[in-house]
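Worth saying up front: this structure is predicted, and the values here are computed from it rather than measured. Naming: A, B, ... by sequence-line order, numbering from 1 per chain.
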Amino acid sequence: MRTHYAGDLRPGHVGSRVTLCGWVEARRDHGGVVFIDIRDARGLAQVVLDPEQLPEAHRLRSEWVIRVEGSVRERPAGTVNLELPTGEVEVVVDTCEVLSEAEPLPFPIDDRPGGEGAVDEALRLRYRFVDLRRPRMQANLRLRSRLALAVRQAMEDQGFVDVQTPTLTRSTPEGARDFLVPSRKQPGTFYALPQSPQLFKQLLMVAGLDRYYQIATCWRDEDLRADRAYEFVQLDAEASFVGAEEVMAFIEVAVAAGIEAVTGTRPTEFPRMTWHDAMDRYGSDKPDTRFGMALVNLTDLFAASEFRAFAGKTVVGLRLPGGADTPRNRLDAWTDRAKALGGGGLVWMRVEPEALDSPVAKFLSEPEQKGLRDGLGAEPGDLALLVADDDQRLAQTVLGALRLEIGAEVGARPTSLAEPLNLVWVTEFPLFEKLSDEGRPVPSHHPFTAPHPDDVLGLEDDPLGARSLAYDLVVNGVELGSGSVRIHDRELQQRIFALIGIGAEESQARFGFLLDAFRYGVPPHAGFAFGIDRLAMVLAGEQSLRDVIAFPKTQSGADPLTGAPAPVDDRQLRDLGLRAAPPPD
RNA sequence: GGUCCUGUGGUGCAGUUUGGAGUGCACGCCGCCCUGUCAAGGCGGAGGUCGCGGGUUCAAAUCCCGUCAGGACCGCCA
């Protein structure tokens, strides 16, 4: 049907007879001559039509699909367009066929500068097939494809075997809400879509696969965010007879290969940071290390303070260099934000040569004021921001979140997520995140994560103090993924289950098949998974996962294109032994 | 479950704070003119339940209440 891609035409094609197929990107009808920019998957080329010979040239409209035949020639002197890769040539058309007419598009698809204002996202999703014609979206999908290929190749090169695991399975203990699929053969029972292939990959280790990987879709029925989708895609991997170091090395190779395939530059630095340090210095377990404004723990300084908002609480602060001239309404907005994040408030102090200018300065003693300046390294002209709370984690995360937002606002944090790329491993996560309402420890990762060997003995005495052999990979404040060394000892596994309140009966019912498998010779193993969507989002410089997913859902979980989710026939429900409850009032 | 932002011709915006005729800008669309354009240009034109419902008022895009949709965030979750 065609001989060349329009976007490929170069001076070397001059004299060739070509046939191009594509969409009408633009038409410039001069009456006596008509220029058409024809767009295909590789780019644009200008074709020239003579209406005397081809009267239908006047009929052509934007986004019609056409096929043209003609010969390539150099553009006449003075008419070369250096903005276009194909701008030195044009095609003189002698045959033009309309393959498909098109109605005017529901919204413009050019990404050229000057077109301020993003098209409403619901409209984009309703007409996603149009939206995906935009160069930016095309680039994102192609970027994602290159990324996935490079990651896959890197895993193959390292001896990993691609094994597909079921999508209709049983709930895995990942802690999120499952998507359920009713069984027809056994009414009243349900499959679950996997939150991850966790148990299967461990079984593959027992099976002796040694090194497994898969680009796997995972489903979690939790509320959506810019960086969270119901269904997301991970590079999932597991290996036997290895520990954390080996797994991290495997993943570094895969991530580096993926990044290199997209950016052309292979990252070499994968620094480490303990979870404790990340929380202390960045107020987050996924630190953006591309800029300063690090948190400083000032708790000891104010332990016995006269200022009741600080005394005996965790007090964390950060220094905003040159921030003393921040207008009051900004400070108030930041304070409101701190409250919205769950903090009690935000204390600000303008650092002056001899004093601190702040509503609370009068409550702080001379040594406290000096200690604060020294602790933060504050210079005159800086602004100090402090958060205090009984809950250390809360104080840190509130200021950590403000650090990101204020850092972006004042220009300290790079605007684009795509560069520079600061990868960092966060290690030594706590084994348990908190106590549940029933007073049971809640696993930070999942219940198969191995405790840090130094903390195994005291597990029952101080569960919240126990570290794990879990590690996260973070880039620019985005959690790419996480992994851990797994428990391969039945006795230790039972201890963990007992600790988190899963009795022998329940553990046998829910994942007895894994525990059983462990009776038959289980190798020590460890693994990891990282989000392909997330990495693609970062590398594309996008703020939302939806912009690297071809057909994403809205925040309320709907797909405006297909109309999903939708009611089904009573017949379908009957077959499944289901009855829809009346909608709640 | 909660907080906040947004909703005005096909698209993106202004207009809403301080109620007074659907007023405006850019793009797109339709017609005519035009032989070297590059988002062509010129002239003319069409196109609106101001998301929806209710209330206040002599009068509502504008104020109030409710609701729907989209988005950001908290909870939740990776």
Worksheet, complete the sentence: Closest heavy-atom pair, A/Gly477 versus A/Arg413, reported as atoms and distance to 0.1 Å, is CA-NH2, 4.5 Å
Discussion item. Nearest whole Å is fine: how far is B/G71 P from A/Lys553 NZ?
Written reply: 13 Å
Worksheet entry | Short side-chain N/O contact to B/U37 OP1/OP2 from A/Arg28, under 4.0 Å | no
Worksheet item: If you find the nucleotide of RNA chain B closest to A/Leu105 and the one closest to A/Ala226, which residue's nucleotide is nearer the 5' end?
Response: A/Leu105
Worksheet item: Between A/Pro560 and A/Glu52, which is nearer to the 5' end of RNA chain B once each is assigned its nearest nucleotide?
Response: A/Glu52
Worksheet entry | Nearest-neighbour nucleotide for the A/Pro104 side chain, B/U37, B/U11, B/C29 considered | B/C29
Worksheet item: Are any of A/Lys434's side-chain N or O atoms less than 4.0 Å away from OP1 or OP2 of B/C76?
Response: yes
Worksheet entry | Atom CD of A/Glu405 with >12 non-hydrogen neighbours under 6.0 angstrom | yes
Worksheet entry | Any residue of residues 32-48 of chain A with a heavy atom less than 4.0 Å from an atom of RNA chain B | A/Gly32, A/Val33, A/Phe35, A/Gln46
Item to complete: Please state whether the phosphate of B/G75, meaning OP1 or OP2, lies under 4.0 angstrom from any side-chain nitrogen or oxygen of A/Arg228.
Response: no
Fill in: Distance test, side-chain N/O of A/Arg61 to OP1/OP2 of B/G31, below 4.0 Å
yes
Worksheet entry | N/O (side chain, A/Gln234) to phosphate O (OP1/OP2, B/A78) under 4.0 Å | no
Worksheet item: Rounded to whole angstrom units, what separation is found between the CD atom of A/Gln195 and the C1' atom of B/C76?
Response: 12 Å
Worksheet entry | Side-chain N,O (A/Ser544) to OP1/OP2 (B/G71) below 4.0 Å | no
Worksheet entry | Any side-chain heavy-atom pair of A/Thr167 and A/Tyr191 under 4.5 Å | no
Fill in: A/Trp23 atom CH2, over 12 foreign heavy atoms within 6.0 Å
no
Discussion item. Tell me whether the NZ or CZ atom of A/Arg546 lies within the 45° cone about the ring axis of A/Phe551 and under 6.0 Å from its centre.
Written reply: no
Response to the item:
The ring pair (Phe, Tyr, Trp, His ring centres under 6.0 Å) partners of A/His276 (sequence neighbours excluded) come to none
Worksheet item: Among B/C77, B/G1, B/C30, which nucleotide sits nearest the side chain of A/Arg27?
Response: B/C30
Worksheet item: Can you check the A/Asp227 CG to B/G71 P distance for me, whole Å?
Response: 14 Å
Discussion item. If you take any heavy atom closer than 4.0 Å to RNA chain B, which residues from residues 385-400 of chain A end up in contact?
Written reply: none
Discussion item. Does B/G70 have OP1 or OP2 under 4.0 Å away from a side-chain N or O of A/Thr554?
Written reply: yes
Discussion item. Between B/C29 and B/G9, how many Å separate the two C1' atoms, rounded to a whole number?
Written reply: 11 Å
Item to complete: Can you see which heavy atom on A/Leu385 is nearest to which on A/Leu399, and at what distance?
Response: O-CD2, 4.1 Å
Worksheet item: For the side chain of A/Glu90, counting heavy atoms from C-beta on, which of B/G36, B/C74, B/G12 is nearest?
Response: B/G36
Worksheet item: Centroid-to-centroid, A/Tyr471 to A/Phe429, below 6.0 Å?
Response: no
Practice prompt. Measure the distance between the ring centre of A/His30 and the centre of the six-membered base ring of B/G41, then answer whether it is under 5.5 Å with planes under 30°.
Written response: no
